[in-house]
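Worksheet: the structure to be examined is printed underneath.
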Amino acid sequence: MKTLTLLRTMLPALCLAAVSCAAQAQEEWVSYRDAYKQMVVFAKYGKPKNFLQVHYQVSPRDAAGTLDGLHLTLTGKNTQLNLPLDAAGRAIFPLLKAAYDDNAVLALNRRLAHYRFMPRVSIMSRNDGIYESADLRAACEQALAYQRFVDASYNAKKCSGVRFVFVNRAEALVQVKFGQREAPLPVVDGPAFEGETAGAFRTATYRFADWSSQGQVVSQNTPLAIAPLYD
């Protein structure tokens, strides 16, 4: 009888704890279907995008956040994939009908409340490291046109340049060539993309207004990312 009474006393608390635990577990994943609907827009986008690429990005919400040891996994009844994240928190996103039909989830090994999830459009890097100024301007315009397509808040913005992003300072060697002259771009520490508060990368910014449209930008090493910049 004492045992039964004790169970009756504990049961409400146990139920509340179970609900709380379940709620916490649900906070550790996002819907693959929701992410798929965001990412497939780029695949179906019909305007020029030959200079662009899109990733699925996980980024900390504040400067104290970290990507160290972060793992993203696509999990479903018939799907189990690790989605490796680069140093900027970006993953190649698989558009899988089976995972969509499965109502699979994107699971993170951290609390989701500390991170943001979004498509991230960037400019494709070149194997030879040589970028024509005109191509960088066109790439930025393509990126801005796509951002306007998905978000009307970009309608008033204009392209101002591109940011070359590196993990290590020794790799951040970017020069502008115009005629017979060369000038290095200054390297500063900062986030990879506009709007981010976390991430101490080495960045070299090429602003269109500062240079001739006929020049070249030469990166001696492959950047982690090339981010379009808007004003």
Side-chain angles (χ1 to χ4, degrees), residues 10-45 49 52-124 143 146-154 165 167 190-201 223-228:
M10 293 176 59
L11 187 58
L14 290 172
C15 289
L16 287 173
V19 171
S20 176
C21 290
Q24 289 180 13
Q26 288 178 355
E27 290 176 356
E28 312 311 319
W29 57 262
V30 296
S31 166
Y32 174 78
R33 284 183 179 176
D34 290 345
Y36 182 102
K37 290 173 184 176
Q38 289 181 309
M39 298 297 290
V40 79
V41 174
F42 184 84
K44 294 181 177 181
Y45 180 67
K49 56 182 178 182
L52 306 181
Q53 61 186 350
V54 67
H55 292 87
Y56 191 68
Q57 186 185 28
V58 183
S59 64
R61 289 188 177 274
D62 56 59
T66 179
L67 295 171
D68 292 343
L70 198 65
H71 297 289
L72 183 67
T73 306
L74 175 58
T75 303
K77 186 170 69 172
N78 300 304
T79 309
Q80 187 70 32
L81 287 176
N82 290 321
L83 303 181
L85 300 172
D86 69 9
R90 300 175 304 169
I92 296 174
F93 188 87
L95 296 173
L96 302 175
K97 183 178 184 300
Y100 186 95
D101 293 342
D102 243 2
N103 198 19
V105 300
L106 292 163
L108 200 66
N109 64 330
R110 302 274 173 79
R111 292 295 305 273
L112 261 65
H114 298 158
Y115 294 88
R116 295 180 297 175
F117 299 79
M118 72 198 81
R120 176 62 74 182
V121 173
S122 61
I123 298 169
M124 289 190 291
Y146 179 75
Q147 293 298 153
R148 288 171 174 169
F149 179 73
V150 297
D151 185 349
S153 69
Y154 282 82
V165 181
V167 175
F193 298 97
E194 288 186 317
E196 293 185 338
T197 57
F201 297 98
L224 169 66
I226 306 176

Side-chain heavy-atom pair Arg61, His114 within 4.5 angstrom cut-off: no

Taking CG in Leu95 as the centre, count heavy atoms belonging to other residues, nucleotides or ligands within less than 6.0 Å. Is the count above 12? yes

Check your understanding: Centre of Tyr154's six-membered ring, under 6.0 Å away, within 45 degrees of the axis: is that where NZ or CZ of Arg148 sits?
Key -> no

Inset, instruction - Would you check if the side chain of Gln57 reaches a backbone N or O of Ala88 as a donor-acceptor pair within less than 3.5 Å? - result: yes

What one should report as the nearest heavy-atom pair of Ser31 and Asn103 is OG-OD1, 4.4 Å

Note: Gly76 and Asp102 closest approach over all heavy atoms is C-OD2, 3.7 Å

Query - Any Arg90 side-chain heavy atom under 4.5 Å of Phe193 side chain - result: yes

Check your understanding: Between Tyr32 and Phe93, does the ring centre distance come in under 6.0 Å?
Key -> yes

Inset, instruction - Spell out, as yes or no, whether a donor-acceptor pair under 3.5 Å connects the side chain of Lys49 to the backbone of Ala43. - result: yes

Indicate yes or no: at least one non-hydrogen side-chain atom of Pro60 is less than 4.5 angstrom from one of Tyr115. yes

Of all heavy-atom pairs linking Val165 and Ala192, the shortest is CG2-O, 3.6 Å

With Leu81 as partner, the option from Thr75, Leu106, Leu96 fulfilling side chain to side chain contact (heavy atoms under 4.5 Å, CB included) is Leu96

